[in-house]
Amino acid sequence: LKIKLPCTEVCSSLCHPVRMAFVKALLVSAAALATSAFAEGATTTAATVAAAAPTCSGGAGVEECVVEAEGGDEVSQLQLAAGRRSQERPAEAEPDLADIMKDLANPLPEWPAGVNKMRRACRMENDGTGCSIPDMFSGRLGSKDEFVSVYPGGETKCIGGGDYWFTLRMGDPDKLHIHFQGGGACWDLTSYNLGLCFTNVDEEPPLGAFNVSNPANPWKDYSFIIINYCSGDMHSGNADRPWGSGYSQVKIRGYENANSALQWGLDAFSSLSKLTISGSSAGSLGVQVWSRKVLEMYAPRSEDVFVIGDSFIGVLYPPDAIYPSESYLEQAWNMCNAGFLTTEQLEECNKGNLLLLDVWLETMEKYPHVRFATSNSKADATQIQFERAFEATARFSIAGAMMTTGEFYKTASLDLKKLFEKQ
């Protein structure tokens with residue numbers, strides 16, 4: 001069944017509140033029918049996460065989980081950094097709207113107590129060296145191992161109107177970890193006003209993969225380029241949309257933001273023994289979009305490359321709605337872009353026939369020597385609720401808005417099977 005409300009993108013002042021209320025009510029109804037999903041958080045690909053001390057899933061903070069998690073595998077550290085394990089809820093808990101909206105907004109974990117959140121910064125437009133590594137880490141802005149905020153300027157921008165910056169940490173110059181940050185998604189007026197995406201940069205806390213003082217962290221010695229996220233478009237859009245207050249235009253600049261960080265890194269890291277490309281939540285979708293382009297840029301200068309998408313596979317439901325659903329997002333964000341798509345992919349994208357999963361599969365085929373991995377919980381509350389919210393607001397699909405945990409798990413498993421068949 002599908003239900004259509006009499007709304008266009010620019011709704012009347014009456015229609016928009018009604019639509020918002022409808023979406024909220026539908027999300028609460030869907031969550032109430034699948035409460036047990038919140039208790040089924042065991043990952044399918046990370047034994048060390050499941051083996052972590054029981055207190056991690058019983059209420060301990062993310063910081064304690066980082067300390068107590070066994071070993072130092074990449075999946076554990078990425079999921080702990082993203083705070084994914086903190087989303088489990090007892091099966092008997094009744095989800096309310098506040099809980100659902102908190103899950104959808106998916107704020108980053110709290111910073112550890114006593115850690116200074118303020119970081120040194122460099123603005124390319126005002127810096128004669130272009131914020132070069134030798135200049136930034138000569139003592140003027142920071143020292144080796146510090147995290148520094150780099151403001152690229154130009155066409156970069158946050159969807160909320162603030163300045164964009166990416167984060168740099170200069171560790172071992174021979175090892176680089178490029179990470180696409182997560183932070184929700186906004187695809188229309190309703191989702192933007194519900195606060196379903198980061199609208200300005202929220203600095204990545206020094207947890208999990210970014211806790212460089214943790215000896216169990218496999219990336220503790222690496223240099224980092226963290227592609228922060230504030231565009232609501234899985235790092236891929238380039239559009240202006242009337243989603244702001246009074247239908248004012250907001251700037252969706254995920255492509256420009258990500259590209260500024262990647263281009264800067266090309267000048268900074270000429271030769272690498274190890275390269276990791278990762279993304280969590282919406283950043284996992286960013287990895288799927290960008291991995292071919294990033295490998296084209298960096299693989300020739302890297303001896304060993306590892307690509308991992310964490311905590312978002314991109315399930316769309318029902319299956320017969322996949323193409324129109326993905327096409328809706330591609331058009332909303334204007335992401336049919338030759339900056340990261342091949343000529344053939346661009347043609348299919350403009351026709352509404354391009355699937356994100358196919359983009360990633362083609363990347364795997366082109367780079368058989370690169371190791372690819374994905375990690376997802378079998379009942380990830382955030383992934384399930386985002387798909388429900390998208391189908392409710394954009395597609396007005398009751399089947400999608402009421403997707404069950406089992407339907408999510410089955411669809412995700414079939415998608416993963418396609419990926420594994422390419423490995």
Side-chain angles (χ1 to χ4, degrees), residues 4-28 30 97-108 155-164 180-202 228-258 281-283 285-286 289 312 314 316 325-335 382-397 400-401:
K4 291 185 178 292
L5 298 181
C7 296
T8 60
E9 186 175 67
V10 182
C11 296
S12 67
S13 59
L14 173 64
C15 177
H16 182 52
V18 172
R19 183 182 184 187
M20 296 265 283
F22 167 78
V23 171
K24 291 179 179 180
L26 189 56
L27 288 175
V28 172
L97 182 59
D99 287 335
I100 294 169
M101 300 311 296
K102 182 178 179 181
D103 280 341
L104 287 172
N106 193 27
L108 293 170
E155 294 298 316
T156 65
K157 186 63 68 175
C158 290
I159 194 171
D163 290 340
Y164 175 78
F180 288 80
Q181 187 187 49
C186 292
W187 50 86
D188 61 8
L189 179 73
T190 303
S191 56
Y192 181 80
N193 284 277
L194 284 172
L196 302 192
C197 61
F198 286 4
T199 56
N200 287 295
V201 172
D202 192 356
N228 295 321
Y229 181 56
C230 60
S231 51
D233 59 357
M234 63 188 193
H235 297 275
S236 62
N238 190 17
D240 292 349
R241 295 289 182 258
W243 300 345
S245 177
Y247 306 109
S248 59
Q249 296 286 327
V250 299
K251 295 183 179 298
I252 301 170
R253 294 292 184 270
Y255 169 76
E256 296 289 350
N257 296 348
S281 195
L285 300 175
V289 171
F312 221 106
L316 293 170
S325 291
E326 290 214 18
S327 179
Y328 179 98
L329 293 173
E330 291 160 1
Q331 298 305 312
W333 296 328
N334 189 29
M335 61 176 287
T382 297
Q383 293 192 57
I384 292 170
Q385 293 291 11
F386 256 105
E387 167 56 4
R388 289 171 176 167
F390 169 69
E391 297 296 343
T393 60
R395 301 270 302 149
F396 304 111
S397 166

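Not measured: the values here are computed from a predicted model. Counting from 1, the numbers follow the sequence of the chain as shown.
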Return the [atom1] to [atom2] distance between [X] and [Y], rounded to the nearest 0.5 Å.
{"X": "R388", "Y": "T393", "atom1": "CZ", "atom2": "OG1", "value": "14.0 Å"}
{"X": "R395", "Y": "E387", "atom1": "CZ", "atom2": "CD", "value": "10.0 Å"}
{"X": "S231", "Y": "K157", "atom1": "OG", "atom2": "NZ", "value": "13.0 Å"}

Hey, are the side chains of [X] and [Y] touching, using non-hydrogen atoms and a 4.5 Å cut-off?
{"X": "N238", "Y": "R253", "answer": "yes"}
{"X": "D233", "Y": "Y255", "answer": "no"}
{"X": "L196", "Y": "F386", "answer": "yes"}
{"X": "I252", "Y": "W243", "answer": "yes"}
{"X": "H235", "Y": "Y229", "answer": "yes"}

Would you kindly say whether S236 and W333 are connected by a side-chain donor-acceptor distance under 3.5 Å? no
Have a look at Y328 and tell me which of W187, F396, F390 forms a ring pair (Phe, Tyr, Trp, His ring centres under 6.0 Å) with it. F390
Counting distance only, does the side-chain N/O of [X] pair as donor-acceptor with the main-chain N or O of [Y] below 3.5 Å?
{"X": "Y192", "Y": "P242", "value": "no"}
{"X": "R241", "Y": "A332", "value": "yes"}
{"X": "Q181", "Y": "D202", "value": "yes"}

Search all heavy atoms of [X] against all heavy atoms of [Y] and return the closest pair with its distance.
{"X": "C197", "Y": "G232", "answer": "CB-CA, 3.8 Å"}
{"X": "V250", "Y": "G244", "answer": "CG1-N, 3.7 Å"}
{"X": "L189", "Y": "N193", "answer": "O-ND2, 2.7 Å"}
{"X": "S281", "Y": "G182", "answer": "CB-CA, 4.2 Å"}
{"X": "L316", "Y": "S325", "answer": "CD1-CB, 3.8 Å"}
{"X": "V201", "Y": "D163", "answer": "CG2-O, 4.3 Å"}

Show your reasoning for whether side-chain contact (heavy atoms from CB on, under 4.5 Å) applies to K251 and I159. CA-CA 5 Å; K251 295 183 179 298; I159 194 171; over 6 Å; no
Quick one: list whatever passes side-chain contact (heavy atoms from CB on, under 4.5 Å) with E155, sequence neighbours left out. E256
